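All figures in this text were calculated on a predicted structure; none of them were measured in a lab.
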Amino acid sequence: MTSYIPQLTLPSSIFTSAPASILLPVALGTAVGFGTGFVSDQKRQYHSLRQPPLRPPSSVFGPVWTLLYGTMGYAAHRAYLFGTSSSSSPSLLLSNPSVVPTTYHTATLYTIQLGLNLIWMPLFFGLRRPILATLDCAALVGINAYLAWTWGTQIDAVAGWLMVPYVCWLGFATYLSAGSGYLNEWDFSEERIRKGEEEQQKRKGEKGL
């Protein structure tokens, strides 16, 4: 895992402010979602391509991601605050002197994973690169499982538990990304999407008979 890299880490003013920590990922995720939807036909792509079992309706993703971005941001706020402020938890700092460098280290990882999270949708829907999108999602699972464990066991148990739903959803998202790629032969080209639309129309016609 990487060490603390200030150039790749959000400012401390973000982490120490609960509203900023919560609203930043929510705002960035919303902006990327709308931006990707504006430049790509993501709903058409989602419904036209073959999808694995347990695929949720597209309307589910917006509310779920908004909630997860918020809890993720609050978890980062708690971990940073408890890990760097002696006034928040002096006993923690006395019993574990490495908690401060660990906190800075995880702040860098949190920032990196936020960037990886934000590029998934452009990779999957905008550039139509399912392999890269799936690798990106798998990396997110690993990084955030590490963050949840480190925060929960070394800094703040609440922060660790707040990350659990996010890690679980990332695992599910990795399954959906990989499943969609595999079922469509890792080809999200316009030709493949049109083929999927034709198959859907054919199935609707057969049901109507």
Mind running ring-ring contact (aromatic ring centres under 6.0 Å, His included) on Tyr46 and Phe61 for me, showing each step along the way?
CA-CA 12 Å; Tyr46 183 75; Phe61 292 100; 5.8 Å; yes
Rounded to the nearest 0.5 Å, what's the gap from [atom1] on [X] to [atom2] on [Y]? Could you check?
X      : Y      : atom1 : atom2 : answer
Thr103 : Ile155 : OG1   : CD1   : 3.5 Å
Arg128 : Asn184 : CZ    : CG    : 11.5 Å
Thr150 : Met163 : OG1   : CE    : 10.0 Å
Leu109 : Ile5   : CG    : CD1   : 8.5 Å
Leu116 : Asp136 : CG    : CG    : 5.0 Å
Trp169 : Thr71  : CH2   : OG1   : 12.5 Å

Nearest atoms (heavy-atom pairs only) where [X] meets [Y]:
X      : Y      : value
Thr111 : Thr9   : OG1-CA, 3.5 Å
Pro130 : Ser177 : O-OG, 4.1 Å
Ala148 : Val167 : CB-CG2, 4.5 Å
Gln113 : Tyr166 : OE1-OH, 2.7 Å
Arg50  : Leu183 : CD-O, 3.6 Å
Leu114 : Pro25  : CD1-CB, 4.0 Å

Count the heavy atoms belonging to other residues, nucleotides or ligands that lie under 6.0 Å from [atom1] of [X], then report whether that count exceeds 12.
X      : atom1 : answer
Glu185 : CD    : no
Trp161 : CH2   : no
Arg192 : CZ    : yes
Arg55  : CZ    : yes

Within a strict 4.5 Å, meaning less than it, do heavy atoms of the [X] and [Y] side chains meet?
X      : Y      : answer
Ser189 : Ile193 : no
Val32  : Pro122 : yes
Asn117 : Trp65  : yes
Trp186 : Thr134 : yes
Ser3   : Tyr104 : no

N/O donor to acceptor pairs below 3.5 angstrom from side-chain atoms of residues 17-24, sequence neighbours left out:
residue	atom	partner	partner atom	Å
Ser17	OG	Ala20	N	3.3
Ser21	OG	Ile14	O	2.6
Ser21	OG	Phe15	O	3.4
Ser21	OG	Ser17	O	3.1

Please answer: with hydrophobic residues joined when any side-chain heavy atoms are less than 4.5 Å apart, are [X] and [Y] in the same cluster?
X      : Y      : value
Val60  : Leu67  : no
Tyr175 : Leu135 : no
Leu147 : Val164 : no
Leu123 : Ile131 : no
Phe82  : Tyr74  : no

Can you tell me how the ring of [X] sits relative to the ring of [Y], calling it parallel under 30°, perpendicular over 60° and tilted otherwise?
X      : Y      : result
Tyr110 : Trp151 : tilted
Trp120 : Phe125 : perpendicular
Tyr146 : Trp149 : tilted

Looking at Ser180 and Leu176, would you say the former's side chain and the latter's main chain have a donor-acceptor pair under 3.5 Å?
no
Using a 3.5 Å distance criterion without hydrogens, assess whether the side chain of Asn144 forms a donor-acceptor pair with backbone atoms of Leu140.
yes
Test Leu162 against Arg78 for side-chain contact (heavy atoms from CB on, under 4.5 Å), laying out the working first.
CA-CA 10 Å; Leu162 283 171; Arg78 282 187 63 99; 4.3 Å; yes
